[in-house]
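Taking it in order: structure first as structure tokens, then the write-up.
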2 protein chains.
Amino acid sequence: MKQAKISEAVVRRLPIYLQVLNELHSREIQTVSSQELGVKLDLNPAQIRKDLAYFGEFGRKGIGYDVMYLIEKIRQILKVNQTIKVALVGAGNLGHALCNYNKYSKDNMKITAVFDDHPDKIGTRINNLVVQPMSELEREVKEQNIRIGIITVPAHEAQNVANQFVAVGIEGILNFAPAILRVPEEVRIQNADFTRELLSLAYYLNHEGEETSDESVMD
Amino acid sequence: MKQAKISEAVVRRLPIYLQVLNELHSREIQTVSSQELGVKLDLNPAQIRKDLAYFGEFGRKGIGYDVMYLIEKIRQILKVNQTIKVALVGAGNLGHALCNYNKYSKDNMKITAVFDDHPDKIGTRINNLVVQPMSELEREVKEQNIRIGIITVPAHEAQNVANQFVAVGIEGILNFAPAILRVPEEVRIQNADFTRELLSLAYYLNHEGEETSDESVMD
DNA sequence: TAGATTGTTAATCGATTAACAATC
DNA sequence: TAGATTGTTAATCGATTAACAATC
């Protein structure tokens, strides 16, 4: 099984597979077929088999996939079999929420450093982390070997934070601010701006079932 | 311009267009070409033109698009030219964060009702909203004509909340819980589980630049 | 008129799905 | 052996991009 170029669509499905598999595992289900996964996730079973086959032969013909084994394999693929440390900038409500979320995660991703340049935030605690000024970013990133950063500052500060992330060598950024960020192409940006999601939901509210219609948006 | 079936990919780009356009508008830029938008968004200009052309002829040959006019048109398409009211269930940290976010939004999407069944949450205030028990959900949804719901409860409660949303006629759900929800197919689900995003970021950390490699994940 | 840029058709590219031999 | 299900190739489908006539 040679590692071909894996499409983004495939990579985005892997965490979803991991999620159902974790659920199955917690229900002590030991084996699952692509068929069953497909039903659960509304995906074509062939697609699931193909996605997994990019990375190796994880199943058994006539049987299906061993749940725990497949979890391990996907963790390896996503490189979350060891704990991944994450830095977060912006100790507001959202930053707080993500840090908490964090505590319950069994995904081996941990926010291990929090930054904010607001004087009234610096030195406060979120769980067992002390909020630090941005001047400490570089040191922490180097010391802890942090490679992923989360942005939860207001939109107008987001690009600035992104620049600092890039400057200290962060390789992947999860951006919650409603802003379009420019970063060098070797740095990966994932946008998690929830207003975008809400807006596309709004579209379907009114257009659902209109597929066969020929109405248009006119003045 | 007939309304063909619009692909999800197109719908997901519309809010992004709206975002850049809002930014351009705030910088008092009046006209923009698909070329310029393409540079800003890392998209092919032809794609942008095609996306917009599904809904009408909004540009002027030789000139480009009028920023304000295009904003209006996209708002119409997304049906956010009038304010859209949203219900939120789960008054924890994340729920709080989203309600605040809310205040700054110029997107005409407003969280106008917050629910939580925890006794110590009921009756507390988030901004100017009082947290209500779930028993009030139906009444509020009917009274305010709410059609979109946000789920910010823990994973194990998420399906239950989704069921209640469906029962009271909610048409679109934005789910922040790390759970796979089953709803009737006429109800739209958008997942905003940030651990998924983090996991796919993690993939690229270690595989970036491996496109041409032939390494594989072996035992 | 010359230059720019749209809307749209045709060409290309890539992703999803169907089908099936291999095999548990 | 019969039934189930994988991994994978081939067929299909859909989305992106290129190209260009129309026109500002």
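Here is how names work: the chains are called A, B, and so on, in the same order as the sequence lines, proteins then strands, and each is numbered from 1. Fair warning: this is a prediction, and the values are worked out from it, not measured in the lab.
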- Query: If each of B:Asp51 and B:Glu36 is mapped to the nucleotide of DNA chain C with the nearest heavy atom, which maps nearer the 5' terminus, i.e. the 5' end?
  - Reply: B:Glu36
- Message: Among D:dT6, C:dG7, D:dG7, which nucleotide has an atom closest to any side-chain atom of A:Ala53?
- Response: D:dG7
- Item | Base-pairing mate for C:dA18 - Watson-Crick or G-U, with both contacts under 3.5 Å | D:dT9
- Separation of atom CZ in A:Arg13 from atom P in C:dT17, rounded to whole Å: 9 Å
- Item | Contact under 4.0 Å: B:Ser7 side-chain N or O vs D:dG14 OP1/OP2 | no
- Taken to the nearest whole Å, CD1/A:Ile48 to C1'/C:dA15 is 15 Å
- Calculate the interatomic distance between B:Gln35 atom CD and D:dT17 atom P; express it in whole Å. 14 Å
- Message: Heavy-atom count check: over 12 atoms from other residues, nucleotides or ligands less than 6.0 Å from A:Gln30 CD?
- Response: no
- Message: Can you identify which nucleotide, out of D:dT17, D:dG7, D:dT16, has its nearest atom closest to the A:Lys61 side chain?
- Response: D:dG7
- Item | Partner nucleotide, any strand, of C:dC24 [Watson-Crick/G-U, under 3.5 Å] | D:dG3
- Message: In whole Å, I'd like the distance from the CG atom of B:Asp42 to the C1' atom of D:dT17.
- Response: 15 Å
- Looking at A:Tyr65, does any N or O in its side chain come under 4.0 Å of the phosphate oxygens OP1/OP2 on D:dA4? no
- Query: What distance do A:Leu198 atom CG and B:Ile150 atom CD1 have between them, rounded to the nearest 0.5 Å?
  - Reply: 5.0 Å
- Spacing of A:Glu138 atom CD and A:Ile170 atom CD1 [to the nearest 0.5 Å]: 11.0 Å
- Query: Below 4.0 angstrom from OP1 or OP2 of C:dT6, is there any side-chain N or O of B:Arg49?
  - Reply: yes
- Decide yes or no for A:Val39 and A:Glu36: does some side-chain heavy atom of the first lie under 4.5 Å from some side-chain heavy atom of the second? no
- Starting from C1' on C:dT8, measure out to CG on B:Asn44 and report it in whole angstrom. 14 Å
- Residue whose nearest DNA chain C nucleotide is more 5′ - A:Gly62 or A:Lys50: A:Lys50
- Task: Specify the separation, in whole Å, of atom CD of B:Gln47 and atom P of C:dT8.
- Result: 17 Å
- Message: Can you measure B:Tyr54 atom OH to C:dT9 atom P for me and round it to whole angstrom units?
- Response: 11 Å
- Item | ring-ring contact (aromatic ring centres under 6.0 Å, His included) partners for B:Phe194, two or more places apart | A:Tyr101
- Answer yes or no: does a side-chain N or O of B:Ser34 lie under 4.0 Å from OP1 or OP2 of C:dT5? no
- Item | A:Ile63, nearest nucleotide to its side chain (from C:dT6, C:dC24, D:dT16) | C:dC24
- B:Ile6 atom CD1 is separated from D:dA15 atom P, nearest whole Å, by 10 Å
